[in-house]
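One structure is given here, and the rest of the page talks about it.
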Amino acid sequence: METRLIKRDALAGIVKKLSEQMTVYAPVKKEDNVFFKVLEKGEEPLLTYANTKNAPKNFFFPQTETMMGYMRTERGMELKGDNIADMGDAVLFGARPCDVRSFILLDYVFDQEKYKDPYYIDKREKTTIVSLACVTPPYSTCFCTSVGGHPMIVEGADVVLTDVGDNYLAEFITPKGQTILAKLGDLPTADDATLAKKEELVKKAEGEIKSQVAGSAIKPWLDENFEHPFWDTIHKSCLACGTCTYLCPTCHCFDITDEVKGDEGKRVRTWDSCMYWLFTIETSGHNPRTSQKQRWRQRLLHKFRYFVDNFGAIACVGCGRCVMYCPVNIDIRKIVNDISKL
Amino acid sequence: MQKNPYLPIPVDVAKITTEVDTKDIKTFRLTFVNKEDEENFKYLPGQFAELSLLGKGESPIGIASSPTQKGYIEFTVQKAGVVTSTLHSLEEGTRMGVRGPLGNSWPLEYLEGKNIVIVGGGFAFTTLRSLLNYMIHEENRKRFGTITVVYGARNPGLLIYKDELKEWEKRDDVNTFITVDKGDDGWKGREGFVPTVCKEVAPSSENAVTVICGPPIMIRFTLPVFFELGFSKDNIYTSLEMRMKCGIGKCGRCNVGEKYVCKDGPVFSLTELDQLTPEY
Amino acid sequence: MAENKSNENWTPKIVGIVCNWCTYAGADLAGISRIQYPPNVRLIRVPCTGRINPFYVFKALQEGADGVLVSGCHPGECHYLTGNLSARRKFNMVKNFLSYIGVEPNRVTFTWCSASEGERFSKVVKGVTEMVKELGPATKLVKKL
Amino acid sequence: MENIEKQLREEAKKLLAGKKVDVVVGYEQGTLPLQTTPCFIENPDDVEKLVWNSYCSQNLAKFAHDIIHQHRESQARVKPEERTKKIVGIVARGCTTRSLIIHLQERQYGRDEIVVLGVPCTGYISKKKIAIAVDGDEILESTVTGDTISLKTAGGEKKVPLGNVLSDSCITCRFNNPLLVDVMIGEAAPAMNPDGEYDDVNAFENLPIEERWQYFTKEMAKCIRCFACRNTCPSCYCKICFAEQSQPTWIGVGVDETDVQMFQMMRIFHMVGRCVDCGSCVEVCPMGVDLRKFLKKLDKDGFELFSHRAGADIDNPPLLSSFLMEDKEDFIYDPE
């Protein structure tokens with residue numbers, strides 16, 4: 001593994017330069033919010049951000065994505081072919097370790113042996129992930145350590161940047177990461193003292209995460225208590241909006257719809273949310289989940305039980321977005337901890 | 001890379017049969033535009049496919065034909081939503097798409113050597129028809145024991161596959177019991193609800209498996225009959241219905257507990273159903 | 001439609017949502033009387049302007065209409081007594097609101113035209129066509145696939 | 001405010017203990033600074049949860065509507081003569097009571113199904129303004145003392161005058177005291193500053209048209225179609241929203257630029273004569289879309305053209321279901 005040093009104030013410029021050669025998806029401040037977006041010409045990424053509002057999953061799994069186009073012919077609509085846009089190689093820059101971990105979880109869903117999702121996989125394969133380690137947690141709502149993560153975890157990243165003071169320590173972990181190194185120009189090799197410092201930071205970082213959640217401890221309870229009075233207590237103030245699911249790095253439910261204008265049409269996939277009552281309604285009018293209570297239970301069970309059953313991991317990376325941005329302050333940490341006390 | 005599983009396979013509507021007097025259930029015979037697609041479309045009774053109408057959307061429908069019927073696939077569709085309504089307005093010769101086969105199938109290996117009881121109600125007879133036609137095909141018939149079919153509809157006009165029903169009734173290797181809730185002037189057959197008829201027919205549970213599909217209310221009243229006859233939950237199979245979009249276990253809406261109906265189902269034994277979360 | 005901007009042959013597509021009892025008959029009369037007017041307006045007949053959801057107007061723009069014309073019975077002459085009076089309030093707000101968000105005010109026109117006013121109908125169509133021509137092809141709110 | 005809180009708890013307890021209401025909808029302390037969350041109290045012993053402070057942002061009328069309607073649905077299979085009513089006690093400030101009035105005017109439930117615990121309001125804190133005040137830093141702690149709010153962030157502590165961070169809706173609020181009351185808690189609050197109510201709209205109207213369009217498109221582009229604005233709005237109670245209908249499909253479900261614009265325009269338009277400017281939609285929007293800029297225009301037109309203020313007067317009929325022969329029609333095109 002190559003380890004290099006990047007001067008603290010040079011990094012943004014280096015990324016800007018990189019964005020001239022390839023697509024770079026990075027955090028940028030827009031008005032009052034920090035978002036991940038594709039860097040435009042001359043645009044620099046924001047490095048001092050806490051945590052972005054949107055999760056970087058949008059890059060591989062956009063909120064709205066054209067799957068295929070078609071045209072009206074004499075025989076009716078005929079397919080023009082699928083719409084896997086060849087964007088070329090790309091870099092996802094500055095994703096926090098929790099967000100990086102979300103891709104491992106999303107891979108379980110989209111990259112299965114039998115059914116592979118070509119739209120997601122295509123972008124995923126062409127993208128090098130540069131992660132920015134959390135030396136200190138971005139927010140007090142961060143709880144990655146409770147759901148199998150760590151503020152400085154390298155899992156899933158091709159390159160990891162760690163703020164070690166005057167410099168960023170850059171670790172080029174995977175072969176994909178190595179190819180990026182070639183594009184960054186001359187960088188000094190990291191000295192042993194820096195590497196040692198990083199090890200120290202790693203040890204310290206875990207303790208910095210103050211928010212603790214009984215992530216995996218509640219699984220046995222969830223297995224046994226599909227019907228329990230507790231489920232009546234969490235959903236009442238829920239607006240049934242999709243904020244939590246849309247900002248979540250691991251939520252992956254989607255809808256497929258057709259749009260036609262004149263003689264042309266396209267089939268698009270769009271995020272959907274288990275918080276919506278229309279999500280599961282069948283044409284017959286039957287709806288297996290008619291109440292917000294059932295929908296909340298589904299959201300929680302999907303993340304903390306079903307996903308664990310299917311893939312051996314909790315479908316939550318502890319980024320805290322749903323906690324911070326829920327309009328009515330439904331706090332998943334509190335729910336999980338309340339369950340753990342039952 | 002595999003083929004894009006979201007792309008519909010082009011097919012032509014070769015034949016449309018109106019099944020019922022109310023005209024809202026039709027059977028569509030589809031032929032593949034490309035020979036290799038036909039060869040690749042290997043399915044078993046009980047599986048389903050997404051019928052794909054570009055510009056309208058997709059609808060998951062059980063395959064009503066049997067793999068022993070070569071050269072085409074058939075779907076029996078009730079007119080309900082956007083896609084199925086459009087489907088009903090199609091003419092023969094129209095091009096459309098199909099995506100599949102999807103899901104698991106009736107447990108054919110398990111059924112081998114056993115006596116089979118098929119119970120169907122109303123329009124939910126489609127994949128049962130596929131199974132029956134598969135089993136009575138000359139290549140397969142000897143692999144299965146006795147076959148009993150109980151099929152009912154509300155009235156004679158609502159029975160689907162009327163011609164085939166007659167054929168099956170003529171066969172001596174299938175015990176066919178057709179019933180209607182209420183007959184009309186022309187009806188000479190049996191009258192009565194499916195659970196009652198099952199009770200009368202009283203198939204032996206000895207080395208037997210029941211495969212049941214129908215409206216929830218029918219299933220609810222039929223199951224106790226079979227329990228009484230000594231069928232265990234391992235030997236009763238049914239097929240679930242759920243809202244689906246992708247059909248390949250990704251879009252996240254058809255899960256019952258950790259199982260996805262589109263991928264792990266739609267066919268489940270009652271034992272399996274008991275282990276699922278009761279949310280379907 | 002936007003792609004036709006540079007095209008000199010561009011002529012506006014205008015959606016006319018009109019009341020069955022007055023303007024639609026007025027258009028008929030204009031036709032019977034052989035009064036000439038531009039062919040740019042496609043009429044959609046509704047039972048009363050009172051049943052027009054403002055969304056019809058927005059939607060027409062989204063689907064690519066360069067202009068929208070809504071026409072119904074003069075106040076006091078509604079076949080259903082007061083449908084057009086309810087509509088009047090709605091349309092006043094629609095007109096103001098579209099302009100407020102930055103859509104050219106002349107994209108959307110509201111007027112009254114009775115069954116006997118074939119001449120007026122032709123003038124309305126001429127006037128509306130001219131106004132929309134002046135604005136050029138619609139670009140705002142137009143959905144691109 | 002502590003007094004109001006105390007009195008509120010007492011009154012709520014009385015109502016619950018006396019079985020005058022089945023549930024009291026109020027606010028309770030949230031898990032994060034600056035946050036309160038709607039709470040639903042059914043047991044008289046739980047009233048201590050109730051709070052009333054400058055963090056209470058949401059319009060609770062939505063919940064009164066939902067609770068009553070869910071209860072009615074649950075009784076669909078009960079014989080008519082055996083059906084019960086569910087009485088909802090609701091903590092209501094001025095804007096909340098306006099929403100209740102709209103519900104009553106629109107016959108969503110009966111007057112006997114709600115008991116209004118009126119509270120005087122001095123405005124609630126806008127989280128968006130707070131974020132700007134501390135430049136996006138996370139708030140670790142916040143306390144309101146008198147007219148000042150002190151905000152603790154990782155970078156230190158900052159004191160801001162409360163007036164600077166109140167929601168825009170509150171600063172120019174005309175009806176900060178309840179208009180519909182069964183039990184009034186505390187004294188009426190001093191008036192806010194309604195004179196400047198339409199300043200924002202007026203200023204926007206005077207911008208060049210292309211600037212207005214740019215602002216509109218920029219704001220709409222932020223929307224992620226999460227529907228928080230719609231779902232928190234007491235006036236948005238349709239069982240199936242036009243945005244989600246499939247037969248016909250009015251708009252695409254994705255975040256196509258014009259689909260989002262259409263959704264928001266149409267939702268905003270459904271608010272004609274029904275928006276009480278409670279600011280809830282702005283407050284819950286995770287993306288900070290400036291919805292008020294557009295909603296307030298309809299409010300202004302409603303008043304200036306038709307002398308109508310939403311939910312201000314229970315006897316004044318809804319704006320769009322009424323008319324006058326002499327309503328203005330200077331917008332009508334005349335080809336002559």
Side-chain angles (χ1 to χ4, degrees), chain A residues 29-35 49-51 53-54 58 62-66 136 138-141 233 236-247 255-260 266 268-273 275-278 281 283 290-292 321 323-331 333-334, chain D residues 23 25 28-40 57-58 60 62-63 66-67 70 73-74 128-129 131-132 135-140 154 218 222 224-233 239-241 244-246 249 251-256 259 280-281 283-288:
Chain A
K29 189 156 182 171
K30 265 167 93 185
E31 293 188 24
D32 311 323
N33 294 317
V34 181
F35 292 108
Y49 73 101
N51 209 350
K53 187 154 267 186
N54 63 350
N58 304 26
Q63 180 160 7
T64 304
E65 181 172 30
T66 303
T136 53
Y139 289 121
S140 62
T141 48
T233 63
K236 282 184 183 163
S237 61
C238 180
L239 299 176
C241 77
T243 304
C244 51
T245 51
Y246 284 4
L247 299 183
D255 193 3
I256 300 175
T257 51
D258 282 50
E259 290 179 10
V260 180
K266 61 181 183 181
V268 289
R269 100 154 140 205
T270 325
W271 293 351
D272 208 338
S273 169
M275 291 285 112
Y276 301 154
W277 75 285
L278 288 163
I281 193 165
T283 312
T290 47
S291 72
Q292 203 59 22
R321 285 186 180 90
V323 179
M324 293 195 85
Y325 302 116
C326 174
V328 292
N329 189 216
I330 297 179
D331 191 332
R333 300 173 302 167
K334 183 175 180 296
Chain D
V23 57
V25 185
E28 69 175 314
Q29 189 56 49
T31 63
L32 299 176
L34 302 165
Q35 276 279 20
T36 60
T37 177
C39 71
F40 306 85
S57 61
Q58 262 189 302
L60 298 178
K62 170 220 160 54
F63 295 103
D66 287 5
I67 291 171
Q70 275 160 21
E73 265 170 47
S74 73
K128 195 177 162 190
K129 285 189 179 178
I132 295 169
D135 199 24
D137 286 350
E138 189 192 10
I139 308 289
L140 299 172
K218 174 185 72 107
K222 293 179 190 171
I224 55 168
R225 293 280 292 271
C226 71
F227 296 128
C229 52
R230 179 193 73 189
N231 292 8
T232 196
C233 178
K239 180 107 173 108
I240 299 184
C241 177
E244 286 163 341
Q245 273 178 359
S246 62
T249 307
I251 46 175
V253 296
V255 283
D256 170 88
D259 282 335
S280 285
C281 53
E283 198 53 28
V284 299
C285 178
M287 296 293 136

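Letters go in sequence order (proteins before strands), and every chain restarts at 1. Below, each value reflects all heavy atoms present in this structure, side chains not excepted, and no hydrogens, waters or symmetry copies.
Cys233(D) places none of its side-chain heavy atoms less than 4.5 Å from the side chain of Ser280(D). Counting heavy atoms from C-beta on, the side chains of Glu73(D) and Thr290(A) never come closer than 4.5 Å. The closest side-chain heavy-atom distance from Leu140(D) to Glu138(D) is below 4.5 Å. Two residues are said to be in side-chain contact when any heavy atoms from C-beta on lie closer than 4.5 Å; Ile67(D) and Val25(D) meet this criterion. A heavy-atom distance below 4.5 Å is found between the side chains of Thr141(A) and Arg333(A). Counting only heavy atoms from C-beta outward, the side chains of Arg321(A) and Asn51(A) approach each other to under 4.5 Å.
Proximity to chain D involves both the backbone and the side chain of Lys236(A), based on heavy atoms less than 4.5 angstrom apart. Using a 4.5 Å cut-off between heavy atoms, Leu278(A) contacts chain D through its side chain alone, with no backbone atom that close. Residue Thr243(A) touches chain D through both its backbone and its side chain, counting heavy-atom pairs closer than 4.5 Å. Contacts between Ala131(D) and chain A at a heavy-atom distance below 4.5 Å are absent for every atom of the residue. For Gln58(D), the part lying near chain A is the side chain, with the backbone staying farther off; criterion is any non-hydrogen pair under 4.5 Å. Looking at Ile132(D), only its side chain comes within 4.5 Å of chain A, counting heavy atoms on both sides. Tyr246(A) touches chain D through its side chain: at least one heavy atom from C-beta onward sits under 4.5 Å away, while N, CA, C and O do not. Contact of Thr64(A) with chain D is made through backbone and side chain together, with heavy-atom distances under 4.5 Å. Interface remark: Tyr276(A) contributes side-chain atoms only to the contact with chain D (heavy atom separation under 4.5 Å). For a residue to count as touching a neighbouring chain, one of its non-hydrogen atoms must lie under 4.5 Å from one of that chain's; by this rule Cys244(A) does not touch chain D. Heavy atoms closer than 4.5 Å to chain D are found nowhere in Ile330(A), neither backbone nor side chain. For Asp66(D), no part sits under 4.5 Å from any heavy atom of chain A, backbone or side chain. Of the atoms belonging to Val323(A), heavy atoms from both backbone and side chain fall under 4.5 Å from chain D. Contact of Val328(A) with chain D is made through backbone and side chain together, with heavy-atom distances under 4.5 Å. For chain A, no part of Leu60(D) is nearby; none of its heavy atoms comes within less than 4.5 Å.
The cationic atom of Lys30(A) (NZ for Lys, CZ for Arg) lies less than 6.0 Å from the six-membered ring centre of Phe35(A) and within 45° of the ring axis.
In terms of modelled atom types and a separation under 3.5 Å, the side chain of Lys53(A) and the main chain of Pro286(D) share a donor-acceptor contact. Checking side-chain atoms of Thr232(D) against main-chain N and O of Cys229(D) turns up no donor-acceptor pair under 3.5 Å. Side chain of Arg225(D) to main chain of Gly254(D): a donor-acceptor pair is present (N/O by atom type, distance under 3.5 Å, no hydrogens or angles).
With chain D as partner, the option from Pro327(A), Ser237(A), Pro138(A), Pro62(A) having the largest number of non-hydrogen pairs under 4.5 angstrom is Ser237(A). In terms of non-hydrogen atom pairs under 4.5 Å with chain D, the most contact-rich of Lys29(A), Glu31(A), Lys334(A) is Glu31(A). By number of non-hydrogen pairs under 4.5 angstrom with chain D, the leading residue of Glu259(A), Gln63(A), Met324(A) is Gln63(A). Each of Trp271(A), Trp277(A), Tyr325(A) has some count of heavy-atom pairs under 4.5 Å with chain D, and the biggest count is that of Trp277(A).
For the 3.5 Å distance criterion, the side chains of Asp331(A) and Thr31(D) qualify, holding a donor opposite an acceptor.
Look at Glu244(D) and Arg230(D) and you find a salt bridge, because one of the NZ, NE, NH1 or NH2 atoms lies within 4.0 Å of a carboxylate O, short of that distance.
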